[in-house]
Amino acid sequence: MIIAIDGPAAAGKGTLSRRLAAHYGFHHLDTGLTYRAVARALIEAGQPLDDERTAEGFAEAVDLAGLDRSVLSAHAIGEAASRIAVMPAVRQALVRAQRRFAETPPGAVLDGRDIGTVVCPQAPVKLYVTASAEVRARRRFDEMTATGQTADFLEVLADIRKRDQRDMERADSPLRPAPDAHLIDTSEMSIEAAFLAAKTFVDAALKP
Ligand code: CDP
Ligand code: CDP
């Protein structure tokens, strides 16, 4: 069983994916962390973010077992990740590793931007999770202030819009719903309501 979850930044993909994985006993991979790991490794090594061959080498070295959200969560790493994510060679290397993960029994939940369209187009359940840019910016803003970071709401909103544009307009694997994806708009939904909506689709697919 593969559950593919895509959508823009701060739509609630990770929260929903972790909840579904715990409920069904499936493995979970936040594929955004794989792009973040490449970006962080390049920055740490003092390498440029615009050299595809160098970035490809770092992408091939990413170890899915060693992805640590706490060291990859910085805002600057997310921004750098969306820049190296436009490179086809980087994407190919990471997609290979993501596809291997998706086959782990008894099932896997993968969330990102291109899971239903490119990584696992055969997934029996595809969800496209979204919310308005304002709501997503508010969530990110609240997360930042709750962790003691100073943040400016309008700056966070501008960043969200810039990232949406880069993710939706790139040539390779742009963010868009797969034709057979179920849409879940969480703008006015609690985490619980989003989980229950998703569960209905998964249960229907699991029915013999
Ligand atoms: O957590 P947030 O939604 O801010 O971003 P993320 O999921 O950590 O992803 C960071 C960046 O990696 C995104 O802006 C995308 O450009 C890229 N990404 C991608 O291209 N394909 C994926 N399957 C996952 C992430
Ligand atoms: O993974 P992605 O970037 O799409 O979003 P997330 O990190 O799962 O969620 C961003 C924030 O929105 C978190 O602080 C969640 O608690 C909150 N949230 C949500 O995920 N779903 C809702 N229906 C409402 C709020």
Side-chain angles (χ1 to χ4, degrees), residues 3-18 29-40 42-43 49-50 52 55 59 69 72-88 90-91 94-95 98 109-121 123 126-147 149-191 194 197-198:
I3 303 175
I5 303 189
D6 293 304
K13 304 180 299 295
T15 307
L16 178 61
S17 300
R18 284 190 291 277
L29 177 64
D30 172 353
T31 62
L33 292 183
T34 65
Y35 291 89
R36 284 172 178 264
V38 175
R40 179 170 188 267
L42 284 166
I43 293 168
L49 288 170
D50 56 4
E52 189 160 357
R69 162 175 297 274
L72 297 171
S73 66
H75 182 71
I77 295 179
E79 172 67 20
S82 86
R83 288 176 58 193
I84 55 112
V86 304
M87 299 170 177
V90 169
R91 303 200 68 85
L94 294 179
V95 166
Q98 293 162 11
V109 184
L110 282 81
D111 75 288
R113 302 292 189 287
D114 61 340
I115 309 303
T117 51
V118 175
V119 181
C120 303
K126 298 179 187 177
L127 306 175
Y128 190 84
V129 181
T130 187
S132 72
E134 287 76 13
V135 166
R136 291 184 288 122
R138 168 60 57 187
R139 290 176 183 167
R140 271 292 142 83
F141 176 83
D142 289 347
E143 279 175 350
M144 292 169 85
T145 51
T147 54
Q149 302 171 62
T150 47
D152 176 85
F153 176 74
L154 290 178
E155 252 173 54
V156 176
L157 178 61
D159 280 352
I160 285 266
R161 292 209 160 109
K162 192 169 71 187
R163 193 110 77 81
D164 284 358
Q165 189 178 10
R166 198 181 284 147
D167 288 349
M168 291 173 181
E169 292 180 1
R170 67 179 174 227
D172 188 354
S173 315
L175 168 64
R176 56 182 167 76
D180 51 346
H182 303 285
L183 203 75
I184 300 180
D185 187 328
T186 69
S187 302
E188 316 257 321
M189 267 186 182
S190 67
I191 292 171

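- For Glu155, there are no side chain to side chain donor-acceptor pair (under 3.5 Å) partners, not counting sequence neighbours.
- Summarising the geometry, atom CG belonging to Asp111 is positioned 10.5 Å from atom CG belonging to Leu127; distances are rounded to the nearest 0.5 Å.
- With sequence neighbours left out, Thr147 forms a side chain to side chain donor-acceptor pair (under 3.5 Å) with Gln149.
- For Val135, the side-chain contact (heavy atoms from CB on, under 4.5 Å) partners at least two apart in sequence or on another chain are Ala131, Ser132, Arg139, Ser187.
- Rounding to the nearest 0.5 Å gives a distance of 11.0 Å between CG of Asp159 and CG of Leu154.
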### Task
Apply side chain to side chain contact (heavy atoms under 4.5 Å, CB included) to Val86 and Asp172, showing your working.
CA-CA 7 Å; Val86 304; Asp172 188 354; over 6 Å; no
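- For Arg170, the salt bridge (charged side-chain N to carboxylate O under 4.0 Å, His left out) partners at least two apart in sequence or on another chain are Asp167.
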Indicate every side-chain donor-acceptor pair of residues 6-18 with a distance under 3.5 Å to a residue at least two apart or in another chain.
residue	atom	partner	partner atom	Å
Asp6	OD1	Arg113	N	3.2
Asp6	OD1	Asp114	N	3.1
Asp6	OD1	Ile115	N	2.8
Asp6	OD2	Ile115	N	3.2
Asp6	OD2	Gly116	N	2.8
Lys13	NZ	Gly7	O	3.4
Lys13	NZ	Pro8	O	2.9
Ser17	OG	Lys13	O	2.7

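- Asp180 meets the salt bridge (charged side-chain N to carboxylate O under 4.0 Å, His left out) test with Lys126; sequence neighbours excluded.
- When side chains are defined from C-beta on, Arg140 does not count as touching His75, because their heavy atoms never get closer than 4.5 Å.
- Atom CE in Met144 sits 10.0 Å away from atom CG in Asp152 (nearest 0.5 Å).
- In this model, a donor atom of one side chain and an acceptor atom of the other lie less than 3.5 Å apart for Arg166 and Ser82.
- Annotation: salt bridge (charged side-chain N to carboxylate O under 4.0 Å, His left out) contacts of Glu134 (sequence neighbours excluded): Arg161.
- Thr130 places none of its side-chain heavy atoms less than 4.5 Å from the side chain of Ile184.
- Listed by chain and residue number, nothing satisfies the side chain to side chain donor-acceptor pair (under 3.5 Å) test with Arg36 (two or more places apart in sequence, or in another chain).
- Residues passing the side-chain contact (heavy atoms from CB on, under 4.5 Å) test with Gln165, sequence neighbours excluded: Glu169.
- With sequence neighbours excluded, the residues forming a salt bridge (charged side-chain N to carboxylate O under 4.0 Å, His left out) with Asp142 are Arg138, listed by chain and number.
- A donor-acceptor distance shorter than 3.5 angstrom exists from the side chain of Arg91 to the backbone of Ala85, with no hydrogens or angles considered.
- Note that the CG atom of Leu49 and the CD1 atom of Ile43 stand 5.5 Å from one another [nearest 0.5 Å].
- Applying the side chain to side chain donor-acceptor pair (under 3.5 Å) rule to Arg69 yields the partners Asp30; only residues at least two apart in sequence or on another chain are considered.
- In this structure, Thr117 OG1 and Tyr128 OH are separated by 9.5 Å, a value rounded to the nearest 0.5 Å.
- In summary, of the residues considered (Val119, Val38, Thr31), a side-chain contact (heavy atoms from CB on, under 4.5 Å) with Leu94 occurs for Val38 alone.
- Atom OH of Tyr35 is separated from atom CG of Leu72 by 14.5 Å, given to the nearest 0.5 angstrom.
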